[in-house]
Amino acid sequence: MDNTGFNWKYRLLCGLCAFLHFYASISAEPSCKLKAKFNLNGYRNVEKKKVVMGGMFPVHRRIASANTSSSSVPLSLGCEGFNFRTFRWTQTMLFAIDEINKRSDLLPDTDLGYVIYDSCFTISKAVEGTLTYLTGQEEAVPNYRCGTGAPLAALVGAGGSDLSIATARILGLYYFPQVSYSSSCSVLDSKFQFPTFLRTIPNDVYQSEAMARLVLHFGWSWVGTIAADDDYGKYGIKAFKEQVEEAGVCISFSETLPKVRSPEDIQRIVETVVESTAKIIVVFSSDVDLSPLIQELIQHNVTNRTWIASEAWVTSALINQPGVSSLLGGTLGFGLKRAEIPGLQRYLLNIDPYSNPLTEEFWETAFNCTLNYSRALRMAKEMTKAAVEQGGNTSLSRAVRGVPEGLCSGKESLEKLSNTYSDVTQLRITYSVYKAVYTVAHALHNMEICEPGQGPFNNNSCADITKFEPWQLMYYLKNVWFQVPHTKEPLFFQDGDVDGYYDIINWQVKGDGEISYVTIGQFNSTAAPDAMMTINNASIVWNNDELETPRSVCSESCQPGTRKGIRQGEPVCCFDCIPCADGEISNATDARECIQCTEDNWSNAARDTCVPKTIEFLDFSEPLGITLIVISAVGALITLAVGMVFLVNLGTPLVKANDPILSFSLLFSLVVTFLSSIVFLGEPQPWSCMTSQVGLALGFSLCLSSIMGGLKSVSLSFFLSFFLSFFLSFFLSFFPQIQTNPLVAVACTVWLIILPPHPVKNTAAQNIKIILECDEGSVIFICCVFGYDILLALLAFIFSFMARKLEDNFRYEGKSLTFGMLVFFIVWSSFIPAYLSTRGKFMVAVQIFAILASSFGLLACIFLPKCYVLLVKPEFNTEDRMRPRSKPRDGTGTGTSASLATVATEVQATTGNVDY
């Protein structure tokens, strides 16, 4: 805690007292007297008393308006605004002292006296009363005890925390004890600044914690605060804000109530309350300071707010005025421990209106009359004069001729008066006053019964109760322990403080519109942290008789599936709810961050749960898979049928002319490619991944090698030059068939051994799916294997394209091969963009379609014309048709494949009979 402000005030006060002491010492006057005299009201009974107890109560709410002119002698101001509640506190001290004096077990040999002053709820009056009390006479002389008689005991007071801070600084200079009944400010727990201050009211540290726990209990995250402009309000609300803000609660607004009436400030606070979206307002203030704001809020018809009250106003009749139910109904607050004090009400009702000026003022205020006959007569004459001026009866009224109107009889009944003074149903601070008086009495009793030689002071001495020093009484006060009469509550101090115990009070509106205080829970600082606060939520009635707990948030809670997005420049309680991104979830309310789902999971539509991703592969049982299987099977069956046709016609000229071995090799490779497409279907397995890729590579290698083998004889047409024929024959000798060139088979074997294709889970292609697919294993190997196939296809296309201009059947064979390879290239050229633009199982489907389309293209272009001749036009399948013919001079082509074969034979002979 920063004590800088208090230290300079302390030094200033010490300097002031030293100056006044010096001034008094050099004064020419022989007696202890100052130029000014304090105007104090109160009670005094010190005659023939052994010990005098001091008291200070804010019986009035404020001092009267001051004359700021410096042309006349300044006077100590009077007070105004009589407070029935605090007057009851004053009478309670008198009652407690009277009760103690009548007891035989407490201070049996000591008769207590008292000096009680009215602080008027202002610091200046509290200081005046303190100085006067210490001086011992009406003229206060700082640092002097001018009076004689009974020693002074502790001061019970001085009301509000600001008042006690001022008085405690003065009393602390002399180590004079002070026991407060209502000064709860946490500043006063500093024994360095206030070494002799004790209190029977809990420290506001506990109340601030209780308020914070209450706000957190109901889940309110957006609250406003209003505090009195004094240490009680500032430090109480400061401690509250620190605790709730640490727990994530935001403060919508913080306003300060003016100590001096200020309509502008009150109006500003009203506007703040109305404009704020906060439905919960915490108020740390006295009833006197809060009252103007409450009246203004009622004028503005402010409703739908829940107020959290501090102990200073939670049961105050000054606040609980007619018409406040719409504003303050449902208020929750913290009240001091309540008790019943037998005999107090009877004592309050039996006071003598003529015994004291304060009592007279109370009586006149309560019954709206005057106890002074002359004043009553004067008032009656003024009323009659006013009536005459208005044209009324000019004769004196009977009241003026006899008993004046407005004159109190002194026998009015307090019992019939509905007044907070006589209301003993909520004795809370009153009970604290009662405990404070008994605390001083028990300390004096312990001093009185001290046995010589067993005392706590030097040489085990005891203090003399007829002439003790204040510090000696302070020892007994610090170590006092007793049970309060009637309640049996144990009372003791821990560093000048008592335990924090509060009743949690709910303002409930009764059927007649009156407010009743209903206890709905307790707060006990000595309990375990989880058990400090107990609340019966079901017994709470909120504002406008609502039973549902009000909500007070700047932004509604973010539901699962969203996260908080903080608004720049606004409190953390004001936020936007941002939906979680795909693949992220939040499964709690008000999540600050979204949680990333694991690799195998994805967020559901609500973004509040991670669900397993859909497993996707091209299954056998789905329509697309069935369709592809049927097409593959049909293709394989057609290929086998073509093979059967060739096998049946094996001895015919057409079959012989087309090299049966190469034809059957080509048909077998097409069957392999057709069937290998089926292996691509279903859930990828290690064997299927290896079989599909290797089978496809070998199938196309065998197919293309067979085509190259067939092109060897076609390309040897006599239309080609001898040099070109020799070059092609030599080059094509390396590609007669797959059996004579094991390059692809060796590459595939190495591929399967080192880095074979294997199934993988592809979680990156699609967010909501896991695509089961085959990983090729090695890009290098697959590029080499299929690059070899591409080379074969390219060479086959070039040679077939060159052979398309040959004569007779060679020309037709070349064209068939050219169209077949052209279809092959078109299909696989289209495959690449289609494959790259699809995802999931459709990639496999595109690949299978490409395999089937290219296979069907080759089958149709190469074997359909031949099957047409074998099955439909068998008359063309003759030796004569197959025999080579010379080209006529007119250019018409009459050559046949047979003649081409003859020429090819001759070319082979000339080239050294190379085995193709």
### Task
Please name all residues satisfying side chain to side chain contact (heavy atoms under 4.5 Å, CB included) with Asn762, sequence neighbours left out, ordered by chain then number.
Ala764, Ala765, Ile771, Glu773
#### Entry: Any side-chain heavy-atom pair of Leu628 and Leu618 under 4.5 Å
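Of all side-chain heavy-atom pairs linking Leu618 with Leu628, at least one is under 4.5 Å.
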Within a radius of less than 6.0 Å around [atom1] of [X], do more than 12 heavy atoms belonging to other residues, nucleotides or ligands occur?
| X | atom1 | result |
| --- | --- | --- |
| Phe664 | CZ | yes |
| Phe668 | CZ | no |
| Arg567 | CZ | yes |

#### Entry: For Cys558, all residues meeting disulfide bond (SG atoms under 2.5 Å apart), sequence neighbours excluded
Cys577
#### Entry: Check: Thr598/Asp600 side-chain N/O donor and acceptor closer than 3.5 Å
no
#### Entry: Donor-acceptor pair between Thr673 and Ser855 side chains, under 3.5 angstrom
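Their side chains do contain a donor-acceptor pair, which is all the 3.5 Å distance test asks for.
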### Task
Look at the side chain of Thr562 and the backbone N and O of Pro579, then say whether any donor-acceptor pair between them is shorter than 3.5 Å.
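Here the side-chain-to-backbone pair does not exist.
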### Message
Could you measure the distance from the OG1 atom of Thr838 to the CD atom of Gln847? Nearest 0.5 Å is fine.
### Response
10.0 Å
### Task
Is it possible for you to check whether Lys841 lies under 6.0 Å from the centre of the six-membered ring of Phe617, through NZ or CZ, and within 45° of that ring's axis?
no
### Query
Is it true that the SG atoms of Cys250 and Cys573 are less than 2.5 Å apart?
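Yes, Cys250 links to Cys573 through a disulfide.
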### Query
Got a salt bridge between Arg551 and Glu556, using NZ or NE/NH1/NH2 to carboxylate O under 4.0 Å?
yes
### Query
With under 30° as parallel and over 60° as perpendicular, where do the rings of Trp828 and Phe831 fit, or are they tilted in between?
perpendicular
